[in-house]
Amino acid sequence: MKRIGVLTSGGDSPGMNAAIRAVVRKGIYHDLEVYGIYNGYAGLISGNIKKLELGSVGDIIHRGGTMLHSARCLEFKTPEGQQKGIEQLKKFGIEGLVVIGGDGSFQGAKKLSEQGYPTIGVPGTIDNDIPGTDFTIGFDTALNTIIDAIDKIRDTATSHERTYIIEVMGRDAGDLALWAGLADGAETILIPEEDHKMDQVVQKLQRGHERGKKHSIIIVAEGCGSGVDVAKEIERLSDFETRVTVLGHIQRGGSPTAFDRVLASRLGAQAVELLLEGKAGRTVGIENNKLVDYDITEVLSRKHSIDKQMYKLSQELSI
Ligand code: ADP
């Protein structure tokens, strides 16, 4: 193998740049030429492809976002779109591809692999919702951004007697909400993987109030409905005054944490290692802090689940 490519796709996540850097540097270390594909699969189809030198990935390890930019590309979901992508790769003499992104991006990588094109998936998403790895690139940074925001809200919360509802990202996965709830001692965590009864949420608020609690914090993953709806329901069922904060896209941005930079460096480099070993159609990840890789079809057939023990613990600690 002489030439490999790298692209970022789907929602960006902090640490993607560190992963790109690792792919480029590890590739060049092994005498490969590394090409950057800009704007995800859209750039793959249109041939927005440029050679990346050692210096082109200098000074990016600490930056959020992705220097290769990202895009959503419907055309790539069609066999014709995928064929156009493979033709571009062949035109540039690129023999293997590293795709950094979430499960949608992995679907695209799977299709390329099925058509015989060597592709490795690197999990980059703040949601931490990809099987085959304990952590995805960007999760830790997003989590710390949430904690920072909640700490600030908590400061003002202590001055007023109110219920603070904080909506965090996570359409299908409650990891951000769960970890943030544990890390910040939230009274209630609402995640899509668990059923919730609002009257029980209100009863818990009431118990806290009777014990003299001045304020409460409820974290809602967006997959459970909006924070505004949760607030309305609480006010309908009780006399508690609520305030809602929707953290939104600030959760995606910012300088990656040390954890995400190290994770991204390890996973990006490992993807290159696999291509050099002649492996294809794999995803990389870490489990128990050891590098692992799995068949991409198998990974996509598995369903991400939250850590039930952690969820139970969050309930035990917030009685
Ligand atoms: P994420 O990777 O963050 O989950 P998306 O779900 O938006 O983000 O997927 C990113 C891109 O991956 C899509 O815009 C599309 O180009 C490609 N993609 C998603 N699903 C498929 C699929 N089933 N087949 C081929 N490509 C896909």
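As the structure is a prediction and not an experimental result, all values here were calculated from the model. Counting starts at 1 for both ligands and their atoms, in listed order.
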Looking at [Y], is its backbone amide N or carbonyl O close enough to the side chain of [X] to form a donor-acceptor pair, meaning the two atoms are under 3.5 Å apart?
X	Y	result
Asp260	Gly138	yes
Asn128	Thr136	yes
Arg261	Pro256	yes

> When you look at NZ of Lys213, are more than 12 heavy atoms from neighbouring residues, nucleotides or ligands closer to it than 6.0 Å?
Replying inline: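 Enclosed.
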
> Taking C-beta and beyond as the side chain, do Glu222 and Leu176 meet within less than 4.5 Å on heavy atoms?
Replying inline: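 Side chain of Glu222 against side chain of Leu176, heavy atoms only: no contact under 4.5 Å found.
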
Students should be able to answer this: which protein heavy-atom is nearest to [atom], and at what distance?
atom	answer
atom 26 (N) of ligand 1	Gly108 CA, 3.4 Å
atom 11 (C) of ligand 1	Ser9 OG, 3.5 Å
atom 2 (O) of ligand 1	Ser105 OG, 2.5 Å
atom 21 (C) of ligand 1	Gln107 CB, 3.5 Å

> Taking all non-hydrogen atoms of both residues, which atom of Glu53 and which atom of Val24 are closest, and how far apart?
Replying inline: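 For Glu53 versus Val24, the nearest heavy atoms are O-CG1, 3.9 Å.
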
> Which heavy atom of Phe135 sits nearest a heavy atom of Thr133, and at what distance?
Replying inline: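 Closest approach of Phe135 to Thr133: O-OG1, 2.8 Å.
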
> What atoms of ligand 1 come closer than 4.0 angstrom to any heavy atom of Arg72?
Replying inline: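 Near Arg72, meaning under 4.0 Å from one of its heavy atoms, ligand 1 has 5 (P), 7 (O), 8 (O), 14 (O).
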
> In terms of side-chain heavy atoms, does Tyr311 have a donor or acceptor partner in Glu316 at a distance below 3.5 Å?
Replying inline: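 There is no such pair (donor and acceptor under 3.5 Å, judged by atom type) between the side chains of Tyr311 and Glu316.
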
> With backbone taken as N, CA, C and O and side chain as the heavy atoms from C-beta onward, which portion of Lys111 lies under 4.0 Å from ligand 1: side chain, backbone, both, or neither?
Replying inline: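 Only the side chain of Lys111 comes within reach of ligand 1.
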
>> Heavy atoms only, cut-off 4.0 Å: how does Tyr41 contact ligand 1, side chain, backbone, both, or neither?
In response: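 The answer is the side chain.
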
>> Judged on heavy-atom distance to atom 13 (C) of ligand 1, which of Gly102, Cys73, Ser70 sits nearest?
In response: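 Considering heavy atoms of Gly102, Cys73, Ser70, the nearest to atom 13 (C) of ligand 1 sits in Cys73.
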
> Counting heavy atoms only, which of Gly104, Gly10, Gly11 is nearest atom 12 (O) of ligand 1?
Replying inline: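 Nearest option to atom 12 (O) of ligand 1, by heavy atoms: Gly104.
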
> Do any heavy atoms of Asp103 fall under 4.0 Å from ligand 1?
Replying inline: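 Asp103 counts as a contact of ligand 1 under the 4.0 Å cut-off.
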
>> Pairs of nitrogen or oxygen atoms closer than 3.5 Å, one from Gln82 and one from ligand 1: do any exist?
In response: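 In fact, backbone or side chain, Gln82 has no N or O that close.
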
